[in-house]
Q: 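Here it is, the structure in full.
Residue numbers begin at 1 in each chain, while the letters A, B, ... track the order of the sequences.
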Number of protein chains: 2
Amino acid sequence: MVDETEAEFLRRYNIHDYDLPLVSVDLAIFTLRDQRLQVLLVERGAHPHKGRWALPGGFVDLKQDRELLDTARRKLQEKTGVRTPHLEQVVSVGSASRDPRGWSITILFMALIPPVSLQGGGAVDDVRWWPFADACALPLAFDHRELLLQARERLRNKTAYTLLPIHVLQPPFTLTRLQQAFEELLGEPLEKKSFRRRILSADVLEEVGEDLPEGGRGRPALLYRLRRGAEQHVFSRVVLADRL
Amino acid sequence: MVDETEAEFLRRYNIHDYDLPLVSVDLAIFTLRDQRLQVLLVERGAHPHKGRWALPGGFVDLKQDRELLDTARRKLQEKTGVRTPHLEQVVSVGSASRDPRGWSITILFMALIPPVSLQGGGAVDDVRWWPFADACALPLAFDHRELLLQARERLRNKTAYTLLPIHVLQPPFTLTRLQQAFEELLGEPLEKKSFRRRILSADVLEEVGEDLPEGGRGRPALLYRLRRGAEQHVFSRVVLADRL
DNA sequence: GAAATAGTGTCTTTTAGACAGTATTAG
DNA sequence: CTAATACTGTCTAAAAGACACTATTTC
């Protein structure tokens, strides 16, 4: 054993000799519907916490998933049908107490998608969009309320210095719509002129025509979409620096 | 089974019925020694990748650790003896291929500590500080080179809008020392006046006397330490906005 | 005095905040 | 015309960049 090779070591190695934590991936999937931030929840059809609303998620499938992001993408597509969203890792939380089945870890992801209607295809689980505040007021499963709040926090923070809110809109969009999305995700109103100057001078949007406003009344607005490669744009100053 | 209670479900539930990934916690422990960013590595004394240098880390101990942060704190104290460092989660990485023992996940933490000499107490493993660039040039175990680079990236980013570099200094320190720490972690020189204005006007430091410079020659410098509660200070503007 | 290090004065540049103004549409 | 919505002009304020300047020490 002293001079054992790595191959010999691996032949002897049995993963079942060790106590391992449970590992799941959970998703906070956000969108903007009716001008409000909404989050996708599923009603659990199985124990534990059967009947409670929870973030969509599940265990890593060691056969099917090659990496963590695959698990997240798979779950997102199962629930929403969306394939190319904004999807980013938020944090991992693990403790002996968060799941009654034992020591458990979850890797939390956050997804931003344009509003889609849900194809009720889900087997046992009931799935629906909840306005963010309503979701927080529910008695969520596990520690999903804290997870949801952490994702919300990340969303607010990054809204202050990136273009994240663009991903909850269906392009093309007007600058007014975009500003409303930023305001809803920040939870604060923004100055119109400052907002437009900031976005336009960053040169991250492409003009793609114009359109009358919703009500049919008023001056037509220019339509935009995100310029290719501009997803990663980072502003060097934060908006609303004193109010956040 | 249809109307099984949660208690009944949990009685039947056996964690060993499922395939679970391996879960480890790894640490990128940074400090500043001889004005250079250095990182702590251990030479692996066991398979796999025996003999290679690696980030310190290990498996979550389901008996001993109540949460992920406990595992990170335990590993940090084992290697450095440091108890109250800056310690933050960076990212989790998981895939089927990153560890020859099987599907494996690591939760990467980053620690910043003042320079300490290592009590060679480590059992089999050899432990030492490496200048960052040298560490990157080594053939590290597993995907630890990528992990190290991700931690470095986080460190550089946060140096541009927080006080992170303060944690690699032994207080009290002069503003010149602090600026050198910022510069080393950013990899870029900073303007003296801008730096001092930024730090002093944020009101995050406490004056605690003064001292002659290292060489004994030159005007004495004021000494500072971090004001209580100021660890979390966030600047609303990023430094070197155009060069990063 | 010179050399070395600490610290300041002040002008410019960038970009956000405020807010009143003009432009273009439907009816 | 009015109402509604889109968009602009322009002043102020805050903070970073640049860089020359002064201050205090040892020798």
Side-chain angles (χ1 to χ4, degrees), chain A residues 35 157 159-163 165 169 172-183 186-205 207-224 233-244, chain B residues 35 157 159-163 169 172-183 186 188-205 207-224 233-244:
Chain A
Q35 310 276 59
N157 286 341
T159 296
Y161 65 93
T162 69
L163 296 168
L169 294 181
F173 45 80
T174 65
L175 283 180
T176 301
R177 281 268 168 279
L178 186 60
Q179 181 174 346
Q180 288 164 345
F182 271 79
E183 289 171 334
L186 280 172
E188 298 277 349
L190 295 173
E191 278 299 318
K192 178 156 61 171
K193 185 61 199 283
S194 303
F195 178 78
R196 299 168 93 94
R197 196 175 37 200
R198 180 175 163 99
I199 300 288
L200 292 177
S201 71
D203 194 36
V204 290
L205 298 186
E207 220 182 290
V208 290
E210 66 171 31
D211 198 15
L212 282 179
E214 299 268 300
R217 286 164 74 84
R219 174 173 168 178
L222 291 173
L223 292 170
Y224 297 90
H233 184 80
V234 173
F235 294 93
S236 66
R237 292 175 64 172
V238 131
V239 91
L240 248 33
D242 32 354
R243 251 177 295 171
L244 305 177
Chain B
Q35 310 276 58
N157 287 342
T159 296
Y161 65 94
T162 68
L163 298 168
L169 294 181
F173 44 81
T174 64
L175 283 180
T176 300
R177 280 268 168 279
L178 186 60
Q179 182 176 345
Q180 287 165 346
F182 271 80
E183 288 172 334
L186 279 172
E188 297 276 351
L190 295 173
E191 279 299 318
K192 179 158 63 169
K193 185 60 200 284
S194 303
F195 178 78
R196 300 168 92 94
R197 198 174 34 199
R198 180 175 163 100
I199 300 289
L200 291 176
S201 71
D203 194 37
V204 290
L205 298 185
E207 219 181 291
V208 290
E210 67 171 30
D211 198 15
L212 283 179
E214 299 268 299
R217 285 163 76 82
R219 173 172 168 179
L222 291 173
L223 292 170
Y224 297 89
H233 184 81
V234 174
F235 294 93
S236 66
R237 291 175 65 170
V238 131
V239 89
L240 247 34
D242 31 353
R243 251 177 295 172
L244 307 177

Q: Please state how far atom CZ in Arg198(A) lies from atom P in dT8(D), giving the value in whole angstrom units.
A: 18 Å
Q: Round to a whole Å and report the spacing from OH of Tyr161(B) to C1' of dA16(D).
A: 18 Å
Q: Round to the nearest Å and state the distance from Glu210(B) atom CD to dA23(D) atom P.
A: 16 Å
Q: Does Glu191(A) have any side-chain contact (heavy atoms from CB on, under 4.5 Å) partners at least two apart in sequence or in another chain, and if so, which?
A: Ser194(A)
Q: Nearest whole angstrom, please: distance from the C1' of dA16(D) to the CD1 of Ile199(B).
A: 13 Å
Q: Mind checking side-chain contact (heavy atoms from CB on, under 4.5 Å) for Val234(A) and listing every partner two or more places apart, or none if nothing turns up?
A: Tyr161(A)
Q: Starting at atom CG of Asp242(B), determine the distance to atom C1' of dA18(D), rounded to an integer number of angstrom.
A: 13 Å
Q: For Ser194(A) and Gly216(A), take the nucleotide of DNA chain C holding the closest heavy atom to each; which residue's nucleotide lies nearer the 5' end?
A: Ser194(A)
Q: Arg237(B) has a side chain; which of dA16(C), dC19(D), dT14(C) sits nearest to it?
A: dT14(C)
Q: Between protein and nucleotides 3-10 of chain C, map the contacts as a letter string: B base, S sugar-phosphate only, - none, heavy atoms under 4.0 Å, written 5' to 3'.
A: BBBBBBBB
Q: State which residues pass side-chain contact (heavy atoms from CB on, under 4.5 Å) with Thr176(B); sequence neighbours excluded, sorted by chain then number.
A: Thr174(B), Gln180(B), Arg196(B)
Q: Could you state the atom-to-atom distance from CG of Asp203(B) to P of dA15(D) in whole Å?
A: 13 Å
Q: Who pairs with Asp242(B) by salt bridge (Lys or Arg N to Asp or Glu O under 4.0 Å), at least two apart in sequence or on another chain?
A: none
Q: Show your reasoning for whether ring pair (Phe, Tyr, Trp, His ring centres under 6.0 Å) applies to Phe173(A) and Tyr224(A).
A: CA-CA 5 Å; Phe173(A) 45 80; Tyr224(A) 297 90; 7.3 Å; no
Q: To the nearest Å, give me how far apart CZ (Phe195(A)) and P (dT5(D)) are.
A: 18 Å
Q: Give the rounded distance in Å between these two atoms: CG of Leu190(A) and P of dA6(D).
A: 16 Å
Q: My understanding is that only residues two or more places apart in sequence, or in another chain, count here; which of them pass side-chain contact (heavy atoms from CB on, under 4.5 Å) with Arg198(B)?
A: Phe235(B), Val239(B)
